[in-house]
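As a basis for the values below, the full set of heavy atoms in this structure was taken, side chains included, without hydrogen atoms, waters or symmetry mates. Residue numbers begin at 1 in each chain, while the letters A, B, ... track the order of the sequences.
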Amino acid sequence: MPVTLSPQRNPVFTPHTPVAEATPPPQPSATLRSQLWSDFCSPIGPMQGGGPCSQGHVRTWSSAAESPYLPEVPDGCEDGRRALRRNKRPGRLPCCSFWSRIRITSEGILNCSDGAQGKRRKPMAPVVYIQDIDRYVGQEVTLRGWLYSRTDKGKLQFLQVRDGTGFIQCVVFQKEVPESVFAAATRLTQESSLIVTGIVRQDPRAPGVPGGYELGVTDLQVIQIADEYPIQPKEHGVDFLLDHRHLWIRSRRQWAILRVRATVIRAIRDWLDSHGFINLDTPILTPAACEGTTTLFQTDYFGEPAYLSQSGQLYNEANIYAFGRVYCFGPTFRAEKSKTRRHLTEFWMVEPEIAFCDLEQLMEIEEQLVTYIVQTCLRERARELALLERDTRPLEKVEPPFPRISYDEALELLAQIREETEDENLKELLKIEWGSDFGSPHETELTKRFEKPVFVYGYPTKAKAFYMEPWPGRPEVCKSVDLLAPEGYGEITGGSERISDPDLLIQRLKEWNLPREAFEWYIDLRRYGSVPHSGFGLGVERTVAWICGIDHLREAIPFPRTLKRVYP
RNA sequence: UCCUCGGUAGCUCAACAGGUAGAGCGGCCGGCUGUUAACCGGUUGGUUGCAGGUUCGAGUCCUGCCCGAGGAGCCA
């Protein structure tokens, strides 16, 4: 994994450049790009900093105003000419690269034909990421990012800077930087983009992620002064924040959650890829309901209806007969009018499917996968979880085996909870007849009784999907299993052993009033080498919410889609 | 679809019993060498969700509507 950017590729900043002149005023967006290139790439800054060519050749470089690519070099700058000739395809070369060559021969370029003298420039500080800052203590480095917040103490300013990989405090002392640098820091508004150079030092007072390190600023270049930023570092209403989701994701909590999400997704893929699973994508546009029960989003498919997928499972079942162990990983769409913190209309789900696998083996796979996800997050995202103030002790207990209880036992447990509680409201909520699926209150109360995720298996056949294998000797119960996360988080996976007998499957389609024609291909899978097989789906957002300890799924996905929201 | 709560400055909220619409934050100006959502002084900021009604007078009371949130239902 690259941890630093090569200075050769990013020679964009020169220490001791007069910042006041290098800093653009706020620009209309149409001109911003060329303005940025001008600041990044134009040698005007360095030439001025090191002693300008008296003929002002550099000002004629077209890169500054027109193109990010190769500048013109005026007659008389022989080193510049030679550098140009060395480039086989000069037109393809960014001027940043060009400038790095110039830097190597800076004595030459600065000693133009008119004899103007220039000083050798200081070596450029390496451009680094905040997440790697601990490797650079005592060194001068350059960071590129955005101003998170600023505290002005008069002759001293604290800049909280983020670069996508972390947050760090940069300290600007008036005495230690050129006047223009201090002035530039004063002008910075929240979320202004900047390039800052300074000496890395350890200081326990410095906040941030990772924290404990700060940058003693030596130079600062402003890229853009941001307009007044709508989101302040304080509490806001949910509606306001969701309207500004495109900006909200920059804030610390959201940043931390979404980094955990990325790790959850990678852990899922890592584990499956290294346990014999092959990733096969299943269609998102589908001809009919997979289950026949849920409400789907309908689209116009060249005059015919097509529906956004709510599951790739049926296709996975085809895929296992070609590949053995497979998984699909994609978005899932549900048009139900659910209006709770546990539901999104668009969410992500991984669905493994395994040939020659019964329900018990399925549970073993699930608990291993879930354990791997949790342990990977604890190991690799400790900083983010700390920022979220997640108590990780419950997560540390997550390891196989998870408790397994049957639906019947769960009902007994619920009855017992109703006996014990004084809360009349809760007593009412927990009422349930044999044959019904659990609602949120049931799941919540059940999981409070366990420290680890708990499997509930053997649900009533009528409460589940048509394709589930009946329990041997108890046809009213099926070989299904849900995994309920602890701490009240509820269902994070749902799975089952699938029916492998074609006749039984056909009978079930009839009982569920599903059109057999649409499922002919699915029945085929039972006609040609049918084997016992099982699979499950794991909801990414619910898993992320549980691991992060957040109470609403909408924060576990970058741009949530809910009943009342498709913007931004 | 049902229940509950809410909509006042850019943001978070206040405004007693119907009587001049306010505070903090943010922005702007000034001060401060260790701030952690800094602090201090000054300053800026309003179609009180929309429509109608009662009243001398409505953010406040009444009617209707719109929007949002939480929960239920629904939901592998």
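Heavy-atom nearest nucleotides on RNA chain B were determined for A:P233 and for A:E351, and the one closer to the 5' end corresponds to A:P233.
For A:N279, the side-chain hydrogen bond (donor to acceptor under 3.5 Å, both in side chains) partners are A:R269, not counting sequence neighbours. Listed by chain and number, the residues in a salt bridge (Lys or Arg N to Asp or Glu O under 4.0 Å) with A:E511 are A:R508 (sequence neighbours excluded). Legend: residues meeting side-chain hydrogen bond (donor to acceptor under 3.5 Å, both in side chains) with A:T189, ordered by chain and number and at least two apart, are A:S192. For A:W521, there are no side-chain hydrogen bond (donor to acceptor under 3.5 Å, both in side chains) partners two or more places apart in sequence or in a different chain. For A:D152, the salt bridge (Lys or Arg N to Asp or Glu O under 4.0 Å) partners at least two apart in sequence or on another chain are A:R150. Taking A:R390 as the reference, A:E487 meet the salt bridge (Lys or Arg N to Asp or Glu O under 4.0 Å) condition, with sequence neighbours excluded.
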I'd like a table of donor-acceptor pairs (distance under 3.5 Å, sequence neighbours excluded) in which one partner is a side-chain atom from residues 246-253 of chain A, with atom names and distances.
residue	atom	partner	partner atom	Å
A:R250	NH1	A:E191	OE1	2.8
A:S251	OG	A:W248	O	2.7

Going by atom type alone, with no hydrogens or angles, which donor-acceptor pairs under 3.5 Å involve a side-chain atom of residues 428-435 of chain A and a protein atom two or more places apart or on another chain?
residue	atom	partner	partner atom	Å
A:W434	NE1	A:D408	OD1	2.8

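In this model, no side-chain donor or acceptor of A:Y148 finds a partner on the base of B:rA37 within 3.5 Å. For B:rC74, the base has a donor-acceptor partner in the side chain of A:S338 [N/O atoms by modelled type, under 3.5 angstrom].
A:Y459 has its ring centre less than 6.0 Å from the ring centre of A:F438.
The side chain of A:R554 approaches B:rA69 more closely than any other nucleotide in the set B:rU35, B:rA72, B:rA69.
When base pairs are accepted only as Watson-Crick or G-U wobble with both N-N or N-O distances under 3.5 Å, RNA chain B takes part in stems of 3 or more pairs at B:1-7 with B:66-72, B:10-13 with B:22-25, B:27-31 with B:39-43, B:49-53 with B:61-65.
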Produce the list of close N/O pairs, under 3.5 Å, pairing protein atoms with atoms of nucleotides 7-13 of chain B; give distances to one decimal.
residue	atom	partner	partner atom	Å
B:rG10	N2	A:Q232	NE2	2.3
B:rC11	O2'	A:H236	ND1	2.5
B:rC11	O2	A:K234	NZ	2.6
B:rU12	OP1	A:G237	N	2.8

If you restrict it to nitrogen or oxygen atoms, what contacts under 3.5 Å exist between nucleotides 3-5 of chain B and the protein, and what is each distance?
none

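The stretch residues 475-492 of chain A comes close to RNA chain B through A:E491, each having a heavy atom under 4.0 Å from the strand.
Between A:R342 and B:rG70, a side-chain N or O to OP1/OP2 separation shorter than 4.0 Å is absent.
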